[in-house]
Protein chains: 2
Amino acid sequence: MDAASGIESMAAKADRVAGFLKGLASPHRLLILCELTQGERSVTDLIEATGLPQSSMSQHLAKLKEEDIVSFRREHRTLYYFLDNKAAREVMTVLFDNFCRDDAPG
Amino acid sequence: MDAASGIESMAAKADRVAGFLKGLASPHRLLILCELTQGERSVTDLIEATGLPQSSMSQHLAKLKEEDIVSFRREHRTLYYFLDNKAAREVMTVLFDNFCRDDAPG
DNA sequence: ATATGATATCATGAAAATATGAATTGATAA
DNA sequence: TTATCAATTCATATTTTCATGATATCATAT
């Protein structure tokens, strides 16, 4: 594909892509995703790791599910969430590299 | 850096990183950024390419400047904007690859 | 059948983002 | 110095997002 057709296909998909990015674009959801970058976590794990109230966590996870960024499996009463999206993994890598490395600017 | 320290440094920078992502997370701004991926553009160019009203364009560009995603140079009365952020370029590449290629899902 | 633990949903209010049209600035050409 | 073009800023209304607390669901252990 050449550059121009990339733009057009992006235009056609702008809503979807923006929805995907909005899924990531919250400080609290970024913290959740950082955890999930390391492996699957129960909702309780995530609440402890981030300090978010239970209801808030549940709503953030719902948003991430809506955008197909995370999935979960059930084990007894506990739900284990995991990062289940290639694009999201790749964006997280870009973010780590650009904002979190020792030599990152800012 | 190992994975765990990545998470902590992300936590410390979550607000900044979320702000950066919010800069990208709008269908209209994605269209703007698609144009700028191809090279610099005047505000008028961008208005024609996207069909956005002039005031709206200006506000979107202001937001992109706020997050240090774009810069501009002046030539006579005309301002030429350009994509001036490594992380943003890398994210755009991830988005093209995952959402706009012929073999992309969805 | 009931109590408990894990999680989701609902209802509400506050804060932030977006679009729109009018007014303004700033640079240049006449 | 006035008119004009390019772009920004302002004011406002609408929509979206986010946090919070209360309630509900759902699976399991007693």
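Per chain, numbering begins at 1; letters A, B, ... match sequence-line order.
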Locate the shortest heavy-atom distance separating [X] from [Y]; write the atom from each residue and the value.
X	Y	answer
A:Leu31	B:Ala14	CD2-CB, 4.2 Å
A:Ala88	A:Phe20	N-CZ, 3.6 Å
A:Phe82	A:Glu40	CB-CB, 3.9 Å
B:Ser26	A:Ala18	C-CB, 3.7 Å

Taking A:Ser56 for the side chain and A:Leu52 for the main chain, is one N or O donor matched with an acceptor at less than 3.5 Å?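 No; judged by distance alone, with no hydrogens or angles, the pair does not exist.
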
### Message
Between A:Thr78 and A:Arg74 (side chain of the first, backbone of the second, donor and acceptor by atom type, cut-off under 3.5 Å), is there such a pair?
### Response
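Answer holds: no.
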
Cationic tip of A:Arg41 within the cone over A:Tyr81's six-membered ring, i.e. under 6.0 Å and within 45° of the normal?
no

Which is true for B:Thr44 with a 4.0 Å heavy-atom rule: it touches a base, it touches only sugar-phosphate, or it touches nothing?
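If one applies the 4.0 Å heavy-atom cut-off, B:Thr44 turns out to touch the sugar-phosphate alone, with no base involved.
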
Does B:Tyr80 reach a base, just sugar-phosphate, or nothing at all? Heavy atoms under 4.0 Å. nothing

task = Report the distance from atom CD1 of B:Ile47 to atom CE of B:Met57, rounding to the nearest 0.5 Å.
result =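 It is 5.5 Å, given to the nearest 0.5 Å.
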
Whole Å only: how far is the [atom1] atom of [X] from the [atom2] atom of [N]?
X	N	atom1	atom2	value
B:Ile32	D:dA7	CD1	P	13 Å
B:His76	D:dA6	NE2	C1'	13 Å
B:Asp45	D:dC5	CG	P	17 Å
A:Leu31	D:dA19	CG	P	11 Å
A:Leu79	D:dA27	CG	P	10 Å
A:Phe72	D:dA27	CZ	P	11 Å

Any N/O pairs under 3.5 Å between the protein and nucleotides 11-18 of chain D? List them or say none.
unit_1: D:dC18; atom_1: OP2; unit_2: A:Arg29; atom_2: NH1; d: 3.2
unit_1: D:dC18; atom_1: OP2; unit_2: A:Arg29; atom_2: NH2; d: 3.3

task: Identify whether the distance between the nearest side-chain nitrogen and carboxylate oxygen of B:Glu67 and B:Lys22 falls below 4.0 Å.
output: no

Given the options A:Asp84, A:Ile69, A:Val94, A:Leu83, A:Arg89 meets side chain to side chain contact (heavy atoms under 4.5 Å, CB included) only with A:Leu83

When B:Asn85, B:Leu33, B:Ile32 are each screened for side chain to side chain contact (heavy atoms under 4.5 Å, CB included) with B:Val70, the one that passes is B:Leu33

**Asked** If we fit an axis to the first five pairs and another to the last five of the helix from C:dA1-D:dT30 to C:dA30-D:dT1, what angle do they make, to the nearest 10°?
**Response**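 Terminal axis comparison yields 10°.
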
**Request:** On DNA chain C, reading 5' to 3', which nucleotide is the first and which the last to sit with an atom under 4.0 Å from a heavy atom of chain A, could you check?
**Result:**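 Going 5' to 3' along DNA chain C, contacts run C:dT4 to C:dA11.
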
